[in-house]
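Notes for the one structure printed next.
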Number of protein chains: 2
Amino acid sequence: MIPHLSNDDLLGGCEAVRPILVRIGDKWSVLIVMALREGPRRFNQIRRDIGSISQRMLTLTLRGMERDGLISRKVYPTTPPRVEYALTELGHSLRGPVEALGAWAIANEAEIVSAQTRYDAENA
Amino acid sequence: MIPHLSNDDLLGGCEAVRPILVRIGDKWSVLIVMALREGPRRFNQIRRDIGSISQRMLTLTLRGMERDGLISRKVYPTTPPRVEYALTELGHSLRGPVEALGAWAIANEAEIVSAQTRYDAENA
DNA sequence: CGGAATCCATATTGATACTG
DNA sequence: CAGTATCAATATGGATTCCG
């Protein structure tokens, strides 16, 4: 055991992080945050921005982020229907930490790849 | 499309983040990073630290993080065998961004939960 | 002690077709 | 345009057993 860190501390200090990482660490959320960072966008605009996402996953991911209060959804009852998605304040506040982690990822991507290559070579 | 942001920019600036988020955003990696933050620990020590992780997932997660160069694995050929895991420098450098995101998560957890509750109530 | 191997349940994702 | 419904493929995670 780590003497100065109880399991409750781990739960309180770290386990709370996991659901967040799971949400924003999924396959699409970060890309959606980035697609919306300049302002509201429509469903198929976002879909084209990302390019490879399926309709189903875009719907599911948007719903999840809306449920978490990260994005808002506004429907204009026109024909054809128009739906705009936008980051909430909470969603915008997430950009800082995410981009910090992104900076780390970019800064260390080469080292990670070379570590993977080395590992794969040694365990041929 | 976002005029000032090509798909290549998205790939270069954001998509590089995703594999990292996928790795550390999985169910266990963050807890392992925190368990190792004070120094090297043995397999079953980490397992007891986390408490709920299965042997299989601890092995798999440690392997993945080792492959990414985040942790090191040192075997002492004694009987019984002794294996120590430790954060590499790269692993330690990840603590900052992860803890920043953790701070965001803790700071905004209540707001997220209330957003979820509100959403679930409105979509009864 | 520190795994590897196997089996099984569930979750996630994608492809396709259909709708108001 | 912005979804919903359904099915199939894959990924993920847990339980159990066995081993040097």
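Order of the sequence lines fixes the chain letters, A, B, ..., with proteins taken first and strands second; residue numbering starts at 1 for each chain. What you see below is based on every heavy atom in this structure, not just the backbone, and it leaves out hydrogens, waters and symmetry mates. The model shown is predicted, which means the values in this text are computed figures rather than measured ones.
Of the side-chain N and O atoms in A/R73, one or more sit less than 4.0 angstrom from OP1 or OP2 of D/dG3. Not one side-chain nitrogen or oxygen of A/R47 sits closer than 4.0 Å to the OP1 or OP2 atom of D/dC1. The shortest distance between the side-chain N/O atoms of A/R56 and the OP1/OP2 oxygens of D/dG3 is not below 4.0 Å. The phosphate of C/dC1 has neither OP1 nor OP2 within less than 4.0 Å of any side-chain N or O from B/Y85.
A donor-acceptor pair is defined here as one N or O able to donate and one able to accept, closer than 3.5 Å; no such pair exists between the side chain of B/R67 and the backbone of B/G64. Side-chain atoms of A/D26 come within 3.5 Å of backbone N or O of A/W28 as a donor-acceptor pair.
The distance from atom CG of A/L58 to atom C1' of C/dT13 is 14 Å, rounded to the nearest whole Å. A straight line from OH of A/Y76 to P of D/dG3 spans 14 Å, rounded to a whole angstrom. Taking atom CZ on B/F43 and atom C1' on C/dA4, their separation rounds to 11 Å, with Å as the unit. One atom, CG of B/L62, and another, C1' of C/dC1, lie 14 Å apart when rounded to the nearest Å. Between the C1' atom of C/dG14 and the CD1 atom of A/I50 lies a distance of 15 Å, rounded to the nearest Å. Rounded to an integer number of Å, the gap from B/R48 CZ to C/dC1 C1' is 10 Å. As rounded to whole Å, 14 Å separates atom C1' of C/dA11 from atom CZ of A/R23. Between B/L60 atom CG and C/dA5 atom P the separation is 11 Å, expressed in whole Å.
When distances run from any side-chain atom of B/M57 to the nucleotides D/dA2, C/dG3, D/dG14, the shortest one goes to D/dG14. Proximity note for A/K27 (side chain, C-beta onward) versus C/dT13, D/dG14, C/dG2: the nearest is C/dT13. In this structure, the nucleotide among C/dG3, D/dG14, C/dG2 sitting nearest to the side chain of B/S54 is D/dG14.
For the pair B/V33 and B/M65, the tightest heavy-atom approach, listed with the atom from each and the gap, is CG2-CE, 3.6 Å. In plain terms, the two heavy atoms of B/I24 and B/S29 that are nearest each other are CA-CB, 3.8 Å.
Between the side chain of A/Q55 and the base of C/dA15, no donor-acceptor pair of N or O atoms lies under 3.5 Å.
Of the listed residues (B/M57, B/R42, B/Q55), just one forms a side-chain contact (heavy atoms from CB on, under 4.5 Å) with B/R47, and that residue is B/Q55.
Of the two residues near DNA chain C, A/P81 and B/R63, the one whose nearest nucleotide lies more 5' is B/R63.
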